[in-house]
Number of protein chains: 2
Amino acid sequence: MEKKSQYLELDNLDTQILSILMNDASVPYTEIAKKLVVSGGTIHVRMKKMEELGIIRGSNLIINPQSVGFDICAFLGIYLEKGSQYKTAVEQLKQVKEVVELHYCTGQYSMFAKIICRDTNHLRHVLNEDIQAIKGIARTETIISLEESIKRQISLI
Amino acid sequence: MEKKSQYLELDNLDTQILSILMNDASVPYTEIAKKLVVSGGTIHVRMKKMEELGIIRGSNLIINPQSVGFDICAFLGIYLEKGSQYKTAVEQLKQVKEVVELHYCTGQYSMFAKIICRDTNHLRHVLNEDIQAIKGIARTETIISLEESIKRQISLI
DNA sequence: GTTGAAAAGTGCTGCGA
DNA sequence: TCGCAGCACTTTTCAAC
């Protein structure tokens, strides 16, 4: 089943490569190579290894949601009627495009979601029509983000 | 060049280009062009326009935090002593590398953070030593994510 | 594992329609 | 405004260390 311990494979060079590309995936390998004083080929080999190990999931173009008309970011604490309804609830929440993140979690909420909507009308529609209609969801609590002050990835160094 | 209304500029083609690259930033322009039945040059022009308009923020390499030893994802509801302490609290939270997201928000919490840690010891250290020590933070509530079931960007189409 | 350079593929630029 | 074609750059491969 399991192959190898997953993260003991990473040395200092791997970590530094990841750190650079996590901030900007468009930095050329040759430039990374120069900065880390190795050859471009080495960067390529390391990246291929990390892709095969599943350490690298892919790359995203990051857009500013507000500039494409999505102005509302909200967090949603979700109470389930029964914990066993988790799996079916997840499947149905996947169908709701506005849900960008979903966690199964400890604490008062059974699940915790992050939602991005165009405006307050859109949010109300998603809450009332899409999410409250899902079987197993008892009730929800909404936290609306007025400002995203920090948005970044973990620092490996 | 003056600034214009930011998102009315986007037509169907722009939206489709973004949708492809938001899922995988490494898709070549030529392939996008083939799929959308335009020339590669057109993709290039559109991308340049959207970069200049600030719609595109950049690109990220996405890694699996667990595979580099970060096993714990937690959300933190933060209560401030006074709302006016928001700005200084943000500045101090920026220094805490484990905080990957921070929102100023409505509801019971003044602020809401997402934290990624190596293990429970690491989390306890961040909570007790780093975050509770910040001036203005009265108390916090921790929600630990046991599973991230959904993780994606907004769908433009 | 790493290197350096050649081969293949991609992005960029200018001209023409 | 769009498409095509040539040039520059990047990624990929591979023999040699």
Side-chain angles (χ1 to χ4, degrees), chain A residues 2-64 67-69 153 156-157, chain B residues 1-64 66-69 153 156-157:
Chain A
E2 284 263 338
K3 296 189 176 175
K4 292 182 180 179
S5 59
Q6 289 177 304
Y7 55 87
L8 296 176
E9 316 282 337
L10 291 182
D11 65 9
N12 226 344
L13 181 59
D14 295 320
T15 305
Q16 288 188 297
I17 296 169
L18 288 180
S19 293
I20 292 170
L21 291 173
M22 278 164 65
N23 286 319
D24 183 358
S26 68
V27 179
Y29 285 7
T30 48
E31 198 178 309
I32 300 172
K34 231 187 293 172
K35 202 174 280 180
L36 303 181
V37 202
V38 289
S39 79
T42 300
I43 306 292
H44 181 252
V45 170
R46 298 302 189 100
M47 285 295 290
K48 206 176 158 192
K49 182 194 76 180
M50 292 191 284
E51 278 164 15
E52 282 165 0
L53 285 171
I55 292 166
I56 294 172
R57 273 188 181 173
S59 58
N60 283 160
L61 192 75
I62 306 301
I63 65 155
N64 179 2
S67 66
V68 289
Q153 291 208 69
L156 299 180
I157 43 180
Chain B
M1 294 267 176
E2 80 243 78
K3 282 188 193 169
K4 294 187 178 181
S5 58
Q6 290 177 301
Y7 56 87
L8 296 177
E9 315 283 338
L10 292 182
D11 64 10
N12 226 344
L13 181 59
D14 295 320
T15 306
Q16 288 188 297
I17 296 169
L18 288 181
S19 294
I20 292 169
L21 291 173
M22 279 164 64
N23 286 320
D24 183 357
S26 69
V27 178
Y29 285 7
T30 48
E31 197 178 309
I32 300 172
K34 232 187 293 173
K35 202 175 280 181
L36 304 180
V37 202
V38 289
S39 79
T42 302
I43 306 293
H44 181 252
V45 170
R46 299 303 189 99
M47 284 295 289
K48 206 176 158 192
K49 183 193 75 180
M50 291 191 285
E51 277 164 15
E52 282 166 0
L53 285 171
I55 292 166
I56 295 171
R57 273 188 180 174
S59 58
N60 278 353
L61 192 74
I62 306 302
I63 65 155
N64 179 2
Q66 288 178 13
S67 65
V68 289
Q153 291 208 68
L156 299 181
I157 43 180

For a 4.5 angstrom cut-off between non-hydrogen side-chain atoms, does Leu10(B) reach Leu156(B)?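 The answer is no; the side chains never approach within 4.5 Å.
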Whether Gln153(A) side chain and Leu61(B) backbone form a donor-acceptor pair below 3.5 Å: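 Pair found, side chain donor or acceptor close to backbone of Leu61(B).
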Within the side chain of Asn60(B), is there an N or O that forms a donor-acceptor pair under 3.5 Å with the backbone of Asn60(A)?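 Absent.
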Would one find more than 12 heavy atoms of other residues, nucleotides or ligands at under 6.0 Å from atom NZ of Lys48(B)?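 Check fails, neighbour count at 12 or below.
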For [X] against [Y], the heavy-atom pair lying closest together:
X	Y	answer
Ala33(B)	Gly40(B)	CB-N, 3.6 Å
Arg46(B)	Ile17(B)	CB-CD1, 3.8 Å
Val27(A)	Leu21(A)	O-CD2, 3.8 Å

What is the separation between atom [atom1] on [X] and atom [atom2] on [N], rounded to the nearest whole Å?
X	N	atom1	atom2	result
Met50(A)	dG1(C)	CE	P	12 Å
Glu51(B)	dG11(C)	CD	P	12 Å
Asn12(B)	dC2(D)	CG	C1'	17 Å
Asp11(B)	dT1(D)	CG	P	10 Å

If only side-chain N and O atoms of Arg46(A) are considered, is one of them under 4.0 Å from the OP1 or OP2 phosphate oxygen of dG1(C)?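 Result: no.
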Protein N or O to nucleotides 9-13 of chain D N or O, pairs below 3.5 Å:
from	atom 1	to	atom 2	distance (Å)
dT11(D)	OP2	Tyr29(A)	N	2.7
dT12(D)	OP2	His44(A)	NE2	3.3
dT12(D)	O5'	His44(A)	NE2	3.4

Quick test of your reading: applying side-chain hydrogen bond (donor to acceptor under 3.5 Å, both in side chains), list the pairs with at least one residue in residues 15-25 of chain B, sequence neighbours left out, ordered by first then second residue.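 Listed once each, the pairs are Asp24(B)-Ser26(B).
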Estimated bend of the helix from dG1(C)-dC17(D) to dA17(C)-dT1(D) (axis per five terminal pairs, rounded to 10 degrees):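 Between the first-five-pair axis and the last-five-pair axis there is 20°.
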Counting any heavy atom closer than 4.0 Å, what does Thr42(B) reach on the DNA or RNA strands: base, sugar-phosphate only, or nothing?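 Contact class for Thr42(B): sugar-phosphate only.
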